[in-house]
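From a predicted model like this one, the values you see are computed outputs, not experimental measurements.
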Amino acid sequence: AIYGGDHSVPFGAIQTAARSNPGLGLVHVDAHADLRVAYEGFTWSHASIIDNLLKRTPELGPVVSLGVRDLGRAEAARAAESVHLWTDPDIARHLADGETWASIVDRMLAPLPKQVWVTFDVDGLDPSLCPGTGTPVPGGLRWREAMTLLRRLAESGRQIVGFDICEVGPGDWDSIVGARLLYKLAGWAIATRNPETP
């Protein structure tokens, strides 16, 4: 598990996990697609981690990016080729059409293999949960939606081999949300390694 820092930080851990578990799936919760070739001229920026992983980690399996609501035209084109993208507007449309969140989550998770890594940028959550994060965007997952996502991932029979939580901002509320997210992710990861654990 990796906790803290910007979203460039977990690159090495995810790459190592993919090399140890070829075909490793990636669940990417984020307000941004992180598919920029570079951000302000910097290739290894927080806005480029998914691009870097796709280019430099052939062992990586399917990438499911969800909650995204801030991406440019070039990123959208790249996403169409390389990731299973569920934007925040897509999710809102399905919910408005009467689809349950549980059924949407199951469709999101469908492309993933047995072993997965969860990379969780807290700006993927509604900004009321993480007001101090560096690049907040209106919209995003509510707490209950995020917890349902993690629970259904764990209960799907997949194994969470690792996870990271990034972009937690300063302040008591951000710290509380970040700590609770860490607690929940750690618990579900342990449960998927020990299925007999209640």
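Leu141 CG to Ile91 CD1: the interatomic distance, rounded to the nearest 0.5 Å, is 6.0 Å. The distance from atom CD1 of Ile14 to atom CD of Glu59, rounded to the nearest 0.5 Å, is 13.5 Å. Atom OG of Ser65 and atom CG of Leu35 lie 6.5 Å apart (nearest 0.5 Å). In this structure, Ser45 OG and Asp6 CG are separated by 8.0 Å, a value rounded to the nearest 0.5 Å. Going from atom CG of Asp174 over to atom CG of Leu129 covers 9.5 Å, rounded to the nearest 0.5 Å. With rounding to the nearest 0.5 Å, the separation of CG in Leu109 from CD1 in Ile104 is 12.0 Å.
Without hydrogens or angle criteria, Arg69 side chain to Gly67 main chain gives a donor-acceptor distance under 3.5 Å. Of the possible polar contacts, none joining the Lys114 side chain to the Gln159 backbone as a donor-acceptor pair under 3.5 Å is found. With hydrogens and angles disregarded, a donor-acceptor distance shorter than 3.5 Å links the side chain of Arg158 to the backbone of Leu112. The backbone N or O of Ala189 sits less than 3.5 Å from a side-chain atom of Thr192, completing a donor-acceptor pair.
Looking at heavy atoms from C-beta onward, Pro127 lies out of side-chain contact with Thr133 at the 4.5 angstrom threshold. Taking 4.5 Å as the limit, some side-chain heavy atom of Leu71 sits within range of a side-chain heavy atom of Leu85. Side-chain atoms of Pro113 and Pro62, non-hydrogen and from C-beta on, do get closer than 4.5 Å to each other. Side-chain contact between Asp70 and Val68: absent, with no pair of heavy atoms (C-beta onward) separated by less than 4.5 Å. Looking at Leu153 and Met108, their side chains never come closer than 4.5 Å, going by heavy atoms from C-beta outward.
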- [ ] Begin with the C-alpha distance, continue with both residues' side-chain angles, and end with the deciding distance and a verdict on side chain to side chain contact (heavy atoms under 4.5 Å, CB included) for Leu54 and Ser82.
- [x] CA-CA 8 Å; Leu54 290 169; Ser82 307; 3.7 Å; yes
Open item on the list: With side chain to side chain contact (heavy atoms under 4.5 Å, CB included) as the criterion, how do Val116 and Leu26 come out once you've worked through the C-alpha distance, each side chain's angles and the decisive distance to 0.1 Å?
Closed with: CA-CA 6 Å; Val116 299; Leu26 186 65; over 6 Å; no
Open item on the list: Show, in sequence, the C-alpha distance, side-chain angles and deciding distance for Asp30 and His28, and conclude whether the side-chain hydrogen bond (donor to acceptor under 3.5 Å, both in side chains) test is met.
Closed with: CA-CA 6 Å; Asp30 204 319; His28 170 224; 3.0 Å; yes
TODO: Walk me through it: do Leu150 and Val27 pass the test side chain to side chain contact (heavy atoms under 4.5 Å, CB included)?
DONE: CA-CA 10 Å; Leu150 298 179; Val27 178; over 6 Å; no
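Hydrophobic clustering of Ile, Leu, Val, Met, Phe, Trp and Tyr side chains at less than 4.5 Å, counting indirect connections, unites Leu66 with Met147. Trp188 and Val105 fall within the same hydrophobic cluster, where Ile, Leu, Val, Met, Phe, Trp and Tyr residues are linked whenever their side-chain heavy atoms come under 4.5 Å apart, directly or through other members. Criterion: ILVMFWY side-chain heavy atoms under 4.5 Å apart, direct or through other members. Under it, Val137 and Ile49 are not part of a common hydrophobic cluster. Both Val118 and Trp101 are part of a single hydrophobic cluster, where members link through side-chain heavy atoms under 4.5 Å apart. Under the 4.5 Å side-chain contact rule for hydrophobic residues, Leu125 and Leu95 share a cluster.
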Quiz: residues 15-23 side-chain donor-acceptor pairs under 3.5 angstrom, not counting sequence neighbours:
residue: Gln15; atom: NE2; partner: Arg56; partner atom: O; Å: 3.0
residue: Gln15; atom: NE2; partner: Thr57; partner atom: OG1; Å: 3.2
residue: Thr16; atom: OG1; partner: Gly12; partner atom: O; Å: 2.8
residue: Ser20; atom: OG; partner: Thr16; partner atom: O; Å: 3.1
residue: Asn21; atom: OD1; partner: Gln115; partner atom: NE2; Å: 3.3
residue: Asn21; atom: ND2; partner: Ala17; partner atom: O; Å: 2.9

Table please: side-chain donor-acceptor pairs of residues 163-171 below 3.5 Å, with sequence neighbours left out.
residue: Asp164; atom: OD1; partner: Thr119; partner atom: OG1; Å: 2.8
residue: Asp164; atom: OD2; partner: Trp117; partner atom: NE1; Å: 2.7
residue: Asp164; atom: OD2; partner: Thr119; partner atom: OG1; Å: 3.0
residue: Glu167; atom: OE2; partner: His7; partner atom: N; Å: 2.9

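Sorted by first and then second residue, the salt bridge (Lys or Arg N to Asp or Glu O under 4.0 Å) pairs involving residues 129-146 (not counting sequence neighbours) are Arg142-Glu145. Sorted by first and then second residue, the salt bridge (Lys or Arg N to Asp or Glu O under 4.0 Å) pairs involving residues 177-191 (not counting sequence neighbours) form an empty list. Here salt bridge (Lys or Arg N to Asp or Glu O under 4.0 Å) pairs that include residues 121-131, with residues two or more places apart or in two chains, number zero. Sorted by first and then second residue, the salt bridge (Lys or Arg N to Asp or Glu O under 4.0 Å) pairs with a member in residues 77-100 read Asp51-Arg78, Asp90-Arg93, Glu99-Arg107; sequence neighbours excluded.
With ring centers used as reference points, His94 lies under 6.0 Å from Trp86.
Nearest heavy-atom pair across Trp173 and Ser128 is NE1-O, 2.8 Å.
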